[in-house]
Amino acid sequence: MCGLFGWLAASSLSASRVAVRITQPLECSAARAKAAWLDYTWQHGGGLPVFVTSAAQRRTVWPLKLEEELLPVDADEMRIRYAVTDNGPFFSLDLLPNTHAAQVTFLDAVGGGCQLVWDVEFQVAARARFWTLFTETNVGEAAAALASHCATPLRYTRQMCLAAPSSQVALEEWLAFVFDEGGGLPIPPPLPLERGDPNSRCGRARCTAT
């Protein structure tokens, strides 16, 4: 037991600080980016291969069993603060308890859009270089995923003349061939879910393999 306490004491004395800053331009205002971060990144995992459960200001990241909590800031501030409250089994290997602090700041940019600045710091008992690279990679991927989430959606428009007797007939043919049958694409045909209202066509639903 003395050896264990000695190891813990030595680890505490030799603790290393990990500090990471990730910057990412976003194609939206700071206010919209902050709201998107809270919804897409905090509540839904931000595109990372994790599953998130949340309640109030806390969330748990699975399968890591990492517990985090949002910290108070003024509602009109364009920043978010959070901290790890339970390291979980994976991060407990090296991450020292109650040393984690993170802040995400959103700065409106001249000419439109904003800049995300994501700061994370904590202390580890060992392998500081590994944890620095690990944090840079995961926070960087989350920031890039948020940028894609906030970006202007891709749009493709094509106009053509159809040999149909009326626009109504053309619409019915499009619904039957493209929406219901897949339009001849080299993928499995859609699975119809709901036919919807026959007049307004609202509620028509399908499941596709893409």
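Since this is a predicted model, take the numbers as computed values, not measurements. Hydrogens, waters and symmetry mates are skipped; everything else that's a heavy atom, side chains included, is used.
How far OG1 of T23 is from CG of L116: 8.5 Å, rounded to the nearest 0.5 Å. Note: R81 CZ to L70 CG = 10.5 Å, rounded to the nearest 0.5 Å. The CZ atom of R127 lies 4.0 Å from the CG atom of D94; values are rounded to the nearest 0.5 Å. To the nearest 0.5 Å, atom OH of residue Y82 and atom CG of residue L38 are 11.5 Å apart. The distance from atom SG of C28 to atom CZ of F106, rounded to the nearest 0.5 Å, is 8.5 Å. Considering CD of E181 and CG of L175, their distance stands at 11.0 Å, rounded to 0.5 Å.
Placement of L93 and L133 in two distinct hydrophobic clusters is found when ILVMFWY residues are connected by side-chain heavy-atom separations under 4.5 Å, directly or transitively. At a threshold of 4.5 Å between side-chain heavy atoms, the hydrophobic network of Ile, Leu, Val, Met, Phe, Trp and Tyr places F134 and V61 in one connected group. Linking Ile, Leu, Val, Met, Phe, Trp and Tyr whenever their side-chain heavy atoms come within less than 4.5 Å puts I22 and F130 in one cluster. No single ILVMFWY cluster, assembled from side-chain heavy atoms under 4.5 Å apart, contains both L64 and F51. Linking Ile, Leu, Val, Met, Phe, Trp and Tyr residues whenever their side-chain heavy atoms come within less than 4.5 Å leaves L146 and V117 in two separate clusters.
When all heavy atoms of T208 and P190 are compared, the closest pair comes out as CG2-CB, 4.2 Å. In terms of heavy atoms, L96 sits closest to A15 at CD1-CB, 3.4 Å. Summarising the geometry of T99 relative to Q123, their closest heavy-atom pair is OG1-N, 3.1 Å, with the distance given to 0.1 Å.
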The test is side chain to side chain contact (heavy atoms under 4.5 Å, CB included); show your working for V20 and T132 and say whether it passes. CA-CA 7 Å; V20 170; T132 298; 4.1 Å; yes
Side chain to side chain contact (heavy atoms under 4.5 Å, CB included) assessment of V52 paired with T60: CA-CA 6 Å; V52 173; T60 302; over 6 Å; no
Using side chain to side chain contact (heavy atoms under 4.5 Å, CB included), reason through L26 and C114 one step at a time and then give a plain yes or no. CA-CA 5 Å; L26 303 175; C114 71; 3.9 Å; yes
In sequence, state the C-alpha distance, the side-chain angles, and the governing distance for M78 and L107, and then conclude on side chain to side chain contact (heavy atoms under 4.5 Å, CB included). CA-CA 7 Å; M78 290 299 102; L107 305 171; over 6 Å; no
Stepwise, does the salt bridge (charged side-chain N to carboxylate O under 4.0 Å, His left out) test hold for D86 with K65? CA-CA 8 Å; D86 188 328; K65 204 178 179 182; over 6 Å; no
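Between Q115 and P25 there is a side-chain heavy-atom pair separated by less than 4.5 Å.
A donor and an acceptor atom, one from each side chain of W62 and T53, are located under 3.5 Å apart.
Stacking of R21 on the aromatic ring of W118 is not recorded, the 6.0 Å distance cut-off and the 45° axial limit not both being met. In this structure, R206 is positioned above the aromatic face of F179, its NZ or CZ under 6.0 Å from the six-membered ring centre and within 45° of the axis.
Between R195 and D180 there is a salt bridge, since a side-chain N of the basic residue sits under 4.0 Å from a carboxylate O of the acidic one.
A side-chain donor-acceptor contact under 3.5 Å links K34 to the backbone of E77. No donor-acceptor pair closer than 3.5 Å links the side chain of D74 to the backbone N or O of D76. Judged purely by atom type and a 3.5 angstrom limit, H44 uses its side chain to pair as donor or acceptor with the backbone of D39. Not one N or O on the side chain of R17 forms a donor-acceptor pair closer than 3.5 Å with the backbone of F122. A donor-acceptor pair under 3.5 Å is formed between the side chain of N87 and the backbone N or O of L95. Checking side-chain atoms of H100 against main-chain N and O of V84 turns up a donor-acceptor pair under 3.5 Å.
Each of E68, E67, Q43 was checked for a side-chain hydrogen bond (donor to acceptor under 3.5 Å, both in side chains) with R59, and the lone residue meeting it is E68.
When the shell of 6.0 Å around CG of D108 is examined, it contains more than 12 heavy atoms from other residues, nucleotides or ligands.
Side-chain rings of W131 and F90 approach one another, their centers coming within less than 6.0 Å.
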